[in-house]
Structure formats: C-alpha cells, structure tokens
> 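The following block contains the structure, expressed as structure tokens.
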Amino acid sequence: MKSLRIQISILVGFCLLTLFFNCCTGNKGAKGGSKEDKTGSFYIGWASVDITPDKPVLVAGQFPARVSEGVLDPITATALAIESGAEPSSEKVIMISCDLVSISDGTRNEYDENLRDNVRNLLKESLPELKPEQVILNATHTHTAPYCSSEKDSKNIYGVELDAMSPYDCQKYISERIAKAAEQAWKSRKPGGISFGLGQAVVGHNRLAVDLSGKSVMYGKTNTPEFGNLEGCEDHSVNLLYTWDKNKKLTGVVINLAASSQVTEGLYQISADYWHETRLEIRNRLGKDIYILPQCSAAGDQSPHIMIGEKGEERMQRLMFPDSIKTGDRTIGLRKQIAIRIADAVTSVFPYMKNNIEWNPYFVHRMEKIELSRRLVGVEDVNNALKEGEEFKKQYEKQLQEIKDNPAIKDKPRWYTNITSTYTKMRRGYSVKDRYELEKKQPKMPIEVHVLRIGDIVIATNPFELYLDYGMRIKGRSPAVQTFLVQLTGSGSYLPPSRSITGGSYGSVPASTLMGPEGGQELVEKTLEMINTVWQKNENLKGATDK
Amino acid sequence: MKTENRKNPLRKIVSTVIFAALFNTTNLFADELLIGVATADITPKLPVALDGQFHLRIARTIETPLTANVVALESRDGNRFLDLAIMVSCDLVGIPREVLKSVRDEVKKQLPEIDVNKIFLNAIHTHTAPVMENGINSSFRYEIPKDSVLQPEEYDEFFVQRVSESIVKAWKNRSPGSVSWGMSHAALAYQRRTVYADGSAVMYGKTNTPEFRNMEGIEDHDVNVLFFWNRNGKLIAMSIDAPCTAQEVENRYAVNADYYHPVREKLKQRFGSDLVVLGWIGAAGDQSPRPLYRQAAEARMIKLRNLTRLDEITRRLVTAVEEVYETVEQDRYSDVKLVHKAEMLTLPKRIITEKEYEISKDEQEKAAGLIAADPKAAAQQLARMTWNRDVVRRYESQKTNKNATIDSEVHVLRIGDVVVCTNEFELFTDYGLRIEAQSNALQTFVIQLTGSGSYLPTEKAVKGGGYSAVAQSSIVGPDGGQILVDRTVKLINEMFPETK
C-alpha cells in the first residue's frame, strides 16, 4: 500500500513536473514553441479580415449622410495578438486596427451597445482566457467607412429614411468580423520576436489656418493676404514595430504616425483611404503575406490635406503616376504619394531591424479607467447652441415639407444631402443641452487608457482626436526610447489645447469637444504616470536581444 | 523648346503635352537659357575666429573646405539679352552688406556689361565659418586677437577676390542649357522654440518638464530643387532649398561647412565630381536640425545605421534630392522665362520698449563690468555686451526718430514655372509660408540670409520672448515682416500674371 502511494506520488509528481515544464516553456499545443526555440515565452499572432459590408451602408464622417455607392477598396481589421509569460498569469493583449472613423465605446451613451464592447463580448465566448480589457481597438479615421452605432433607424440620425444597412446591423456585422480577426490572431500566435525603429514620412499637416487677427479655421484658406500661420506644429516621425517569426522572417509591422486616413474623405464609396495603397506598396516591397497594423498618433489638428503648395505637389504626383486619373489634394494621386512615403520609412528602417530582434522583451500591459474633467459648457453656450439648433430645425422642417410636397425629389441622385446635413447640424446644436445636463451629474468623464511596454518602447492609447501638442507633451517626458501614441481607441471627440480654443476653429468649439485643456493636461499627466509605472524595469524579465 | 528626352521619348512627349495643356504656364517659344557654373574655395587660413556663438572660438583645424557655389543665368531671345541672375551660395553664417557690395564692385570691374545688382549671395548659416564683420560698432563683436589670428578684414578681402573670380568664370562659361524643377520632403529641421504654461518661450528649451506646453511654430519639411543641365544633357548644377540651417556642428572649434559638405560629396559621387551644388536655406529662423524631443529614438537609429547626426541629415536630404531627380529628370526646359527683380525695401525698425531698454542697459553694464574686472572675460562677454549695447543705442536713437527704417534688399526671380525670392533675415517660418501660400508660382523657393542676418520673429514669438524674438535679436519686428511678405508676394505674382 505504501509502495502504491509512493508510486502514485511519483506519478502525480511527474505529471505536475511535466505540467510545470510545459507552462514554463510555453509548449501548449496551439501556441507551439519548444524549449529549443531561442524565443522565450513571447508569442505573436496576426490576422486580418475584410470588414466591408456587402450592402449599401451609411458612410460616416461628414455632416451630410452618404449612402455608399460601391466599394473603392476593402476596409479591414488587422489584429496583433501578443502573449508573454506562462499561463495562467501570462500577459496578453490583442491590438486591432480598424479602417473605421472611430470605435464607439459607450462614452457618448453608456446604455447603448457599442462596437468595442460588442467585440469584447463576442471574445468572452471564443477566447475565455482573455479579459475584455486585453482587447484594444483603434480606428485609422478613414471617413469612407460604415456608420456603426446602436441606431436601427437612419431617420433618427439623419432625419429621413435612407435605403442602406442600418448602423446597428453594420455594427453587429463589423463587430463579428473584428472578433473573428482577434480570434484568428490569438489562435495563430507562435513564438516570435520584435524590433522597433523610427522613420520619417511627411504625411500629416497642420490643418488649422490662423489669420492675422488670430482667428483659426479648419482647412481655412492660406492663399490670402490675411493668412498668418498654421496653428500648431507637425510631427513627421513614424514609429515602427516589426514582428518576426522564430526563423527571423518578418511577419508584420505596426506603423504609427500622426495623420488620420482621410485624403479622399468625401467619397461615396467605401475605402480605407491611403492605408489601402500603403498596404499594397509595403507588401509589394516586403512580401505579400506581411500584416500591417496602422495606428494614428495624436493628430486632432493634423490631416493629410495639403494646406500650402498644392500645385507643386500635384505636379509631382502627375509625373510620378502618369496613369492616375486624378492628382492633387483629396485624390488617389496623393494617396499613392503618401503610400510611397510611408513605405519608404518602413523599408528605410527595415535593414537595421533583423539584427536587433528581441525574442523575449519585457512586456507589460496596464489599463486604467480614468476620470477626466469635462469641458463644462455654460448656459450661454447652451443657449447659443439651442438657438442654432432651432434655426436648423426650421430649415429641416422646410426641407422635409418640400420633399413631402414633391416626392420626385427623391428620384435625384443623392437627394438627401442637404436635408441630412441640416438635420445633423440641428442635432449637434441640441446635443449641447444634453451635455450640459450630463455635466451637472457627471463633471468628470470616464475613459479607458491603455499603456503597453514592449521592451524599450511604450504604446499609450486614448479615445480622442488628440491635438498634437498633447502628444508632444507626453513624448517629451516619456522615459521610453520610443512612445507610440494611439488616438481614437474610442468614440473620439476633439481634444484641443488652449491656443486652439483661442483660435476658435471647428475642432475646438464646445460642440466638437467633450474635453478641454484641463482634461487634456490631466490625460497627459495620467498617461505619463502609467508609462512611468510600466517603466519600472524588472531586470529579471529584461528581454534579450539577438545580435 | 524642351530638350530631348534621352530615356523615354514617349513619356516625355506625353508629359509635355499634358503639362502644357493643363497649366500652360511655361512660355514654350520665347527664350533661350544660358547657364554658367563655378565653385570657389573660400576656406580661410588658420587660425581664424569663428562666427555664430556668443563666445569667441578660434579654429585651428579645417575639417571641411568652405565653398562658394555659383550659377549664372542669362535669358536671350536670339542675340537680344533679356535678363540675368547670378546666384552664389556661400558656406558662411551671413552675408555682410559691405562684402556683398565689394563683390559687386569687383565683378563690375571685370564685367562692366552686366547689372551687378542682379547678383545675390546667400549663407547656409554654418556656425563654423569665419567672422566677417567685427567693426567697432558691430552689434555682435568679438575680441579677436590682433596678431596671431586671421583678421576679419583679411578674410573679407580674400572672400571677395575668390567669389568675384568665380562669378566672372561662371558668367564667361555660360552656354545654352536647360532647367528642371521639383519638390520632395525631408525631416531635417525641427521647431526650436518651446512654449511653457506661463506663455514664455525659450529657444532650445526643455520639453521634458511638466510646464512644457507646445512647440511655438510649425516645422516645414519641403525640399525644393532646381536642376541645371548643359546642352549635352549633363547635370552641371543644382540648387537645393530646405528650411534647415546648416548648424549641426555649430559648437565646434574648427572650420566646417556643416551638412552641406557631405551633401555635396554624396551628390558628386552620383552625378559627377564637377557638379556645383547651391545650398539655399528656406525661412527657418525658428527651426534648426536639433530635435527637442524623441532624442533617444533619433540617437538610437543613427547608431543602428552607423552614422553621425551629420550623416543622417545628409542621408535624408540626399534621398529627397534623388527622389526629385528620378521624377523630374526628363522634364527639362531650355526656353524658360527668366525674370529677375531686385528691390530695396524700406522696413520699419522694431520699436524698443522702455523695459527692453532697461534690461539691455543692465545686461550691457553687467558684461562691461566683467570685462573691466578681467579683460580676459572679453572672449566670453564682448559679443553679449555689444548685442545689448545695440538695443540701448536704438532706443536712444528712436527718441528723436520714432519712424526709423532700415533698407532691406530682396530679389525675386522667376525661372519658368517656379520662383526664387530672397530676404536678408533669419526669417521665421511663418513668413515663408505666408509667401509660399500666396505665391502664384508652381513652386516658391524662399531663401533667407542673403544679408548679414537678424532674426525676424512673428508676433506670437515676440509675445513669448526668448532668444531670437527679443529686441536684441531683431532689428525688424512683425510689422516689418508683414511688409516683407506683402511686397514679395506682389513682386512674385506680377511675374505670374497667367496664373492669377
């Protein structure tokens, strides 16, 4: 009996040792890997899915409604799954970049379904080992992607019925597709390594033109004697994170730059904007199977539109792409030009990355729900906005009556443009009152901030269209060698600094912003606090670089 | 007519037709362009006092040669002279007015037939080049040893001789050629004025402090390029216009042309050892090649590439130039319209406030006191003393003349569809962008520092204060800056009536 106990003890002990060994080596079936790998316990998985709906949808991003009239190029979601350490305490994150305007996250209405939580809820079932907050979504801010929300009826958004997939159905469809990408990425993770570098590409430009009196206008004219300056600075750095499989084969690149993807933002076709051409260009150079995950850094006041010198740029596009039908600002010519610039940055840094792979980088992820001071609107703001709303309401009712009186209006292409624009402006005016009431109850706004440290870099997120100044404040003080800021990991709202509020441009008025300079500085300080926390280097976990 | 397309005749024809049809801005059947080029070695004898910092630096080594690079242009209709331009880029901090005058006088002696007022010189603003202006009343005077060091007057004389000879040579060797233009981008310069929570601004201020709020102005990463070809289709010269002063190695005690030396060497490797490269600096009073944040990432990449910062700047700029070259090399014009206007503007002097006067007087006296106590302190203090003394003098002068003005020379030069416009200042970027934004030209090459240089700050910079925006740094203020912009734009657009 005693010997049986001993035998059982030995057997149990052996099993436990085996289990422990497997945990330590990460040899757990789907994850793959073995002790022979020079990789430690760092796993990387990639996936990309097409999220383009197959029916007409409402296109998000402009005041007037747009019902999509086909697909110029597919919109995608690209997921990068990272796991480091041994189960069950391994550090896990899935970052998903989506060709969307924004990622609805309940900030604007906490009771409604939203894209972020839909994806997380779907993954609760398929990937129970992941916590919801380990899934981070960001938008490239293409203005030619579907409108996703909990709204089932377009009339509630635009004031008229439109023949398109409802935003609710769209959100459901896209949530499922994004969750699929996340699941695929997670399940495909394999031992791998990362390397990082800094390149340069002139893509984003400051889009706020300030006149000599100090008044600022988004996309204001610069070719007038009254033009004084562009309001802020520009950031042409490109933060790059390359991933490798255990054979030192490049598997993907995270590309982070301060420019939203909105060159051809006025189209009625679905499009990923310049990221489409950029993916093609990079895959053409580095391999067709490469995954590309775009992140938009702090760029609330930046865009790829040419503010000065368009004629010269247009000619260069024409000479570079003689087959392009259209060249200049807001054209495919500019998208192609940007693609080359970004691809040049990626390939310029690439040769130095292969010999600087970290196979076991220190990896840590923190998410905090922080509360930031809202930009409080005053009674005067409310009254002004309501007055504006009332004006637009009158216009809307008049336009609606005209349609009722003459239904043939609806036979014209894009008949809905004017009335939907009016309705959006009306809602925008009335929303200030709702906001005023909300602020009385909830003067602080809760948001999610993620900070990831991977080796010597840091990735820090925010849900806003964050003005560049805030990004510089964070980068200026960050202890990381490179700081990847990722904006629009949520619903978005401009977050302007004081100088922009003084200028009074579109992105800085109360109706465009939930947060002002006070909340902005709080975001800076809190993000830095989180970065500093993850920067407390644990030397035992310090990564090894393969030289 | 356009020159022959050597590589792809069909593409050339198509692009020409499209270009002419869409823009119709080039006068295809008017003028013939003659181009002459030359280079002068303007490296000083050692030891020599270097310009550009408050403290005296005596260079005892030459790390790179300094050069002056000349392109002479003449347009003709048959045998009829139409216009000319002689452009000289110099590896210097600035171009003293007296030196420019001497160059013109010297050239006039040898080429009496040309209008020497159509010669302009620009400085790349390397801070490792000789002091050229050090008179007793200089507003930035150094205590240069009299015996053992090359004197500024000696260098000026040498410079005038070398440059005037090269101008004459370039003019005499001019022959029919063609020109191309294009643009690209390079992240060379960074905004160098940091603004803090209290609204104050500091040049090269810290960004890693909680009080940091923003960079004051924009960063302009445009690179405009002109290529000049001889009648055989050989590239003989290029001018590169980027708003980034050549001051990466500005603190050295050695003669150095900064990044323009390796840039020239790289371009010569590819395009031929006799290539002449003109370095033009766009409006960059508030920009420099020194990054004020993400330095660790920049330094790491430079290390990975096994380069120096100077090499990295060179890599970025040469890449941009080569991109332009690849795109426009077939798009050459030999019949471009060449129109050149040189004008002396009258700009209001910046008004000195009483507070500025008090501060300057105090600083002047402090520096003077230090020198009086220890004459050796002059090496550190004389420039600072004279810099402040100048404000005191201006204040006293304005008591009797509140509307004092200063003459400032500008050149506006149309070459085909593009325009070149000069100013004498370290012009803040905003002014350059105002000119470019309103210009009717296809591309606008703004060239700063065709004079001895003085910062020309914007209104917001003056409010923020700090070196480069304070009264000591600038003889002309924002009102004068706007006059400069308005007049330059007017001159440009008069030259482009067809693209209004």
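The chains referred to below are lettered A, B, ... by the order of the sequence lines, with proteins before strands, and numbering in each begins at 1.
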> Is it the backbone or the side chain of A:Gln200 that comes under 4.5 Å from a heavy atom of chain B, or both, or neither?
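Contact with chain B is through the side chain of A:Gln200 alone.
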
> Please identify each residue that fulfils ring-ring contact (aromatic ring centres under 6.0 Å, His included) with A:Tyr219, with sequence neighbours left out.
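ring-ring contact (aromatic ring centres under 6.0 Å, His included) check on A:Tyr219 returns A:His305.
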
> So B:Arg294 and A:Asp235, side chain to side chain contact (heavy atoms under 4.5 Å, CB included) or not? Walk me through it.
CA-CA 11 Å; B:Arg294 55 172 131 70; A:Asp235 179 4; 2.5 Å; yes

> Could you pull out the closest heavy-atom pair between B:Gln438 and A:Asn223, with the gap in Å?
CG-C, 3.9 Å

> With a 4.5 angstrom heavy-atom cut-off, could you sort out which part of B:Met215 is near chain A: side chain, backbone, both or neither?
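For B:Met215, the contact with chain A is made by backbone and side chain together.
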
> Any side-chain heavy atom of B:Val328 sitting closer than 4.5 Å to one from A:Leu319?
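Yes, close enough: below the 4.5 Å cut-off.
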
> Pick from B:Thr194, B:Asn214, B:Val489: which one has the most heavy-atom pairs with chain A under 4.5 Å?
B:Asn214

> Which atoms form the tightest heavy-atom contact between B:Thr207 and A:Arg477, and what is the distance?
O-CG, 3.7 Å

> Side chain, backbone, both or neither: which part of B:Thr209 has a heavy atom under 4.5 Å from chain A?
backbone

> Does atom CG (B:Asp198) have a neighbourhood of more than 12 heavy atoms from anything else shown, all under 6.0 Å?
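Enclosed: over 12 neighbouring heavy atoms sit under 6.0 Å from CG of B:Asp198.
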
> What part of B:Gln295 is in contact with chain A, defined as an atom under 4.5 angstrom from a non-hydrogen atom: side chain, backbone, both or neither?
neither

> At a heavy-atom separation under 4.5 Å, does B:Gln191 approach chain A through its side chain, its backbone, both, or neither?
side chain

> Between B:Pro478 and chain A, which part of the residue has a heavy atom less than 4.5 Å away: side chain, backbone, both or neither?
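Answer is neither: B:Pro478 stays 4.5 Å or more from chain A.
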
> Could I get the full list of salt bridge (Lys or Arg N to Asp or Glu O under 4.0 Å) partners for B:Arg315, not counting sequence neighbours?
B:Glu312

> Can you name the nearest heavy-atom pair linking B:Arg300 to A:Val481, along with the distance?
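Nearest heavy atoms, B:Arg300 then A:Val481: CD-CG1, 3.9 Å.
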
> If you count heavy-atom pairs under 4.5 Å with chain B, which of A:Asn206, A:Leu468, A:Leu212 comes out on top?
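With the most close heavy-atom pairs to chain B, the winner is A:Leu212.
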
> Relative to chain A, which of B:Glu219, B:Gln443, B:Gln482 shows the most heavy atom pairs under 4.5 Å?
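Between B:Glu219, B:Gln443, B:Gln482, the count favours B:Glu219.
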
> So which of B:Ala297, B:Ala441, B:Ser439 has the biggest tally of heavy-atom pairs under 4.5 Å with chain A?
B:Ala297

> Quick one: what part of A:Pro497 sits under 4.5 Å from any heavy atom of chain B, side chain, backbone, both or neither?
neither

> Considering only heavy atoms, which portion of B:Thr429 lies under 4.5 Å from any heavy atom of chain A: side chain, backbone, both, or neither?
neither

> Top residue by heavy-atom pair count (under 4.5 Å) with chain A, among B:Gly182, B:Pro210, B:Ala296?
B:Pro210

> Grab the two heavy atoms, one from B:Lys460 and one from A:Leu230, that are nearest each other, plus how far apart they are.
NZ-O, 4.3 Å

> What heavy-atom pair brings A:Gly476 and B:Tyr293 nearest, and what distance separates the two atoms?
CA-CB, 4.0 Å

> Flag the one option from B:Glu436, B:Arg434, B:Glu459, B:Glu216 with the top tally of heavy-atom pairs under 4.5 Å to chain A.
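Ranked by contacts with chain A, first place is B:Arg434.
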
> Under 4.5 Å, counting heavy-atom pairs only, tell me which of B:Arg316, B:Lys206, B:Glu298 racks up the most with chain A.
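Max contact count across the listed options: B:Arg316.
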
> With a 4.5 angstrom heavy-atom cut-off, is it the side chain or the backbone of A:Met307 that approaches chain B, or both, or neither?
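No part of A:Met307 comes within 4.5 Å of chain B.
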
> For the CE atom of A:Met320 and the CD atom of B:Glu323, what is their distance to the nearest 0.5 Å?
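A:Met320 CE to B:Glu323 CD: 7.0 Å, rounded to 0.5 Å.
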
> Mark yes or no for whether A:Lys311, through its side chain, and B:Asn440, through its backbone, hold a donor-acceptor pair below 3.5 Å.
yes

> Quick test of your reading of the model: are A:Arg315 and B:Asp331 salt-bridged, counting only N-O distances below 4.0 Å?
yes

> Which of the residues A:Gly214, A:Pro351, A:Ser237 is involved in the greatest number of heavy-atom pairs with chain B at under 4.5 angstrom?
A:Ser237

> By a 4.5 Å heavy-atom criterion (distance strictly below it), what part of A:Ile457 contacts chain B: side chain, backbone, both, or neither?
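Neither part, no heavy atoms under 4.5 Å.
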
> Under the side-chain contact (heavy atoms from CB on, under 4.5 Å) test against B:Arg213, which residue among A:Met472, A:Arg499, A:Gln521 passes?
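By the side-chain contact (heavy atoms from CB on, under 4.5 Å) criterion, B:Arg213 pairs with just one of A:Met472, A:Arg499, A:Gln521: A:Gln521.
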
> What's the shortest heavy-atom distance between A:Tyr352 and B:Arg305, and which atoms?
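Nearest heavy atoms, A:Tyr352 then B:Arg305: CE1-NH1, 3.4 Å.
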
> Which atoms of A:Tyr467 come close to chain B, meaning under 4.5 Å heavy atom to heavy atom: side chain ones, backbone ones, both, or neither?
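Neither part; nothing is under 4.5 Å.
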
> Any idea which of A:Gly199, A:Gly197, A:Ser498, A:Gly232 has the most non-hydrogen atom pairs under 4.5 angstrom with chain B?
A:Gly232

> Could I get the full list of ring-ring contact (aromatic ring centres under 6.0 Å, His included) partners for B:Phe227, not counting sequence neighbours?
B:Tyr325

> Please output the residues of residues 336-350 of chain A in contact with chain B, using a heavy-atom cutoff of under 4.5 Å, in numerical order.
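Residues of residues 336-350 of chain A touching chain B at under 4.5 Å: A:Arg341, A:Asp344, A:Ser348, A:Val349.
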
